[in-house]
Number of protein chains: 2
Amino acid sequence: MEYEQLKLENQLCFPFYAVSRLIIRAYQEDLDALGLTYPQYLVLMVLWENDNVSVNTIAEKLILNTNTITPLLKRMEVSGLIIRHQSAEDQRKVIVSLTAKGTEFKVLAAEIPYKLIKKLKIEPQEEQIQEALILKKKLYELINLLENIEKQ
Amino acid sequence: MEYEQLKLENQLCFPFYAVSRLIIRAYQEDLDALGLTYPQYLVLMVLWENDNVSVNTIAEKLILNTNTITPLLKRMEVSGLIIRHQSAEDQRKVIVSLTAKGTEFKVLAAEIPYKLIKKLKIEPQEEQIQEALILKKKLYELINLLENIEKQ
DNA sequence: TTTAAATATATCGCACACGATATAAAATAG
DNA sequence: CTATTTTATATCGTGTGCGATATATTTAAA
């Protein structure tokens with residue numbers, strides 16, 4: 001029995017899985033220099049855009065469960081990037097805020113995306129930038145499709 | 001400071017990371033029915049195409065390190081999907097082989113890719129199939145680009 | 001207004017991923 | 001032919017991810 005649909009090279013899921021891990025590996029060197037992990041870097045990106053948000057807000061933006069986010073935030077609190085405090089209005093909510101260190105890291109992190117492009121040894125032309133934007137749009141269409149499965 | 005390149009929505013890395021996890025989540029239900037995890041399913045796909053291969057061959061095909069693969073294979077041996085035995089020619093090599101159970105699972109797993117398409121509620125037309133093939137090609141180009149970073 | 005349901009976060013257990021390191025066997029160099 | 005290097009796999013420690021479950025607070029319902 002051949003089952004073409006079971007061959008690794010015919011899968012769409014596997015290259016997504018591989019690209020995701022390889023991108024994180026590529027970032028690792030620059031993140032290590034800041035003592036960050038990739039998901040911690042994502043949390044910081046959320047906070048740099050909107051500080052003082054609830055645990056749930058971060059979880060929703062990163063499409064992660066609280067059982068992933070909670071210990072992640074605890075480690076980030078230990079390393080002095082953020083602080084967590086209970087909301088006054090709604091005692092169930094835990095508000096996450098950047099520390100001075102967490103805020104300062106934004107300047108250092110700003111170089112990271114450019115460093116990855118340099119590592120890839122590509123010099124994006126207008127055409128390639130447009131292509132990347134189209135790809136990003138398709139990825140978000142896929143995310144929407146995949147997120148709506150669970151709600152059934 | 002705005003730093004457009006640090007906004008989550010401007011990242012290409014994040015949607016890759018999200019899509020990868022969401023696809024695995026979508027597979028979970030069908031894999032659970034077989035008592036498999038996603039990486040175990042990938043290992044089986046490698047073995048269904050080429051049985052009796054070394055640990056390293058599997059690691060290379062899945063772009064995983066042996067410190068991930070070794071315990072993964074051990075768990076698969078415990079659950080009776082594979083057996084591992086030392087190679088006669090090269091005593092360093094450990095050859096991984098499918099058991100009867102591991103072989104039989106191929107028939108059961110053959111439905112999984114179709115089930116995902118059903119869950120997504122899409123009915124792929126020729127046009128969309130072509131689009132998926134182009135996307136897959138792009139993903140493999142990216143994998144090549146990302147794999148070659150490390151070799152420098 | 002007491003009760004039930006929903007919401008927000010945390011805890012537990014298990015299975016990855018991966019950097020760093022160890023160990024044994026094979027290949028190669030001097 | 002012995003010493004060195006390389007190759008193949010395994011071990012250890014840390015940090016995710018996530019299903020299942022617990023706990024506290026808020027909201028809604030009877």
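Each chain gets a letter, A, B and so on, in the order the sequences are listed, and its residues count up from 1. Since we're looking at a predicted model, the values are computed, not measured.
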Note: B:Lys7-B:Glu4 ion pair, threshold 4.0 Å (strictly below):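 So B:Lys7 pairs with B:Glu4 through a salt bridge.
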
Below 4.0 angstrom, N of the basic side chain to O of the carboxylate: do B:Glu131 and A:Lys138 qualify?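 A salt bridge links B:Glu131 with A:Lys138.
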
Please evaluate the base of C:dT7 for a donor-acceptor partner in the side chain of A:Arg92 within a cut-off of under 3.5 Å?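 Such a pair is found, so the answer is yes.
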
If you take atom types as modelled and just measure distance, does the side chain of A:Asn67 reach the base of D:dG19 with a donor-acceptor pair under 3.5 Å?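 Per atom types, the contact qualifies.
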
Would you mind reporting whether B:Glu147 and A:Leu22 have side-chain heavy atoms less than 4.5 Å apart?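 In contact.
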
Where the side chain of [X] is defined as all heavy atoms beyond and including C-beta, which of [options] is the nearest nucleotide?
X	options	result
A:Leu64	D:dT11, D:dG17, C:dG19	D:dG17
A:Val55	C:dA10, D:dT9, C:dC16	C:dA10
B:Thr70	C:dA26, D:dA10, C:dA10	D:dA10
B:Thr68	C:dA26, C:dC18, D:dT16	C:dC18

Using atom [atom1] of [X] as one end and atom [atom2] of [N] as the other, report the distance to the nearest whole Å.
X	N	atom1	atom2	value
A:Gln28	C:dA17	CD	C1'	10 Å
B:Asn56	D:dA8	CG	C1'	6 Å
B:Arg25	C:dC16	CZ	C1'	15 Å
A:Ile69	C:dT7	CD1	P	20 Å

Taking OP1 and OP2 of [N], is either one under 4.0 Å from a side-chain nitrogen or oxygen of [X]?
X	N	answer
A:Arg75	D:dT16	yes
B:Thr37	C:dC16	yes
A:Lys74	D:dG15	no
B:Tyr17	D:dG17	yes
B:Arg84	D:dA10	yes

Just how large is the angle between the end axes of the helix from C:dT1-D:dA30 to C:dG30-D:dC1, five pairs per end, to 10 degrees?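 So the angle between the two local helix axes works out to 10°.
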
Contact class for [X] vs. all strands (heavy atom < 4.0 Å): base, sugar-phosphate, or nothing?
X	answer
B:Asp32	nothing
B:Leu72	sugar-phosphate
A:Gln40	sugar-phosphate

So which of A:Asp51, A:Thr103, A:Asn52 actually passes side-chain hydrogen bond (donor to acceptor under 3.5 Å, both in side chains) with A:Ser97?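 The option that passes is A:Asn52.
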
Polar side-chain atom of A:Gln86 near backbone of A:Lys93 as donor-acceptor pair, under 3.5 Å: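 Answer holds: no.
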
Backbone of B:Glu9 reached by a side-chain donor or acceptor of A:Lys136 within 3.5 Å: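 Here the side-chain-to-backbone pair exists.
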
Of all heavy-atom pairs between A:Tyr140 and B:Leu8, which one has the smallest distance, and what is that distance?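 Result for this residue pair: OH-O, 3.9 Å.
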
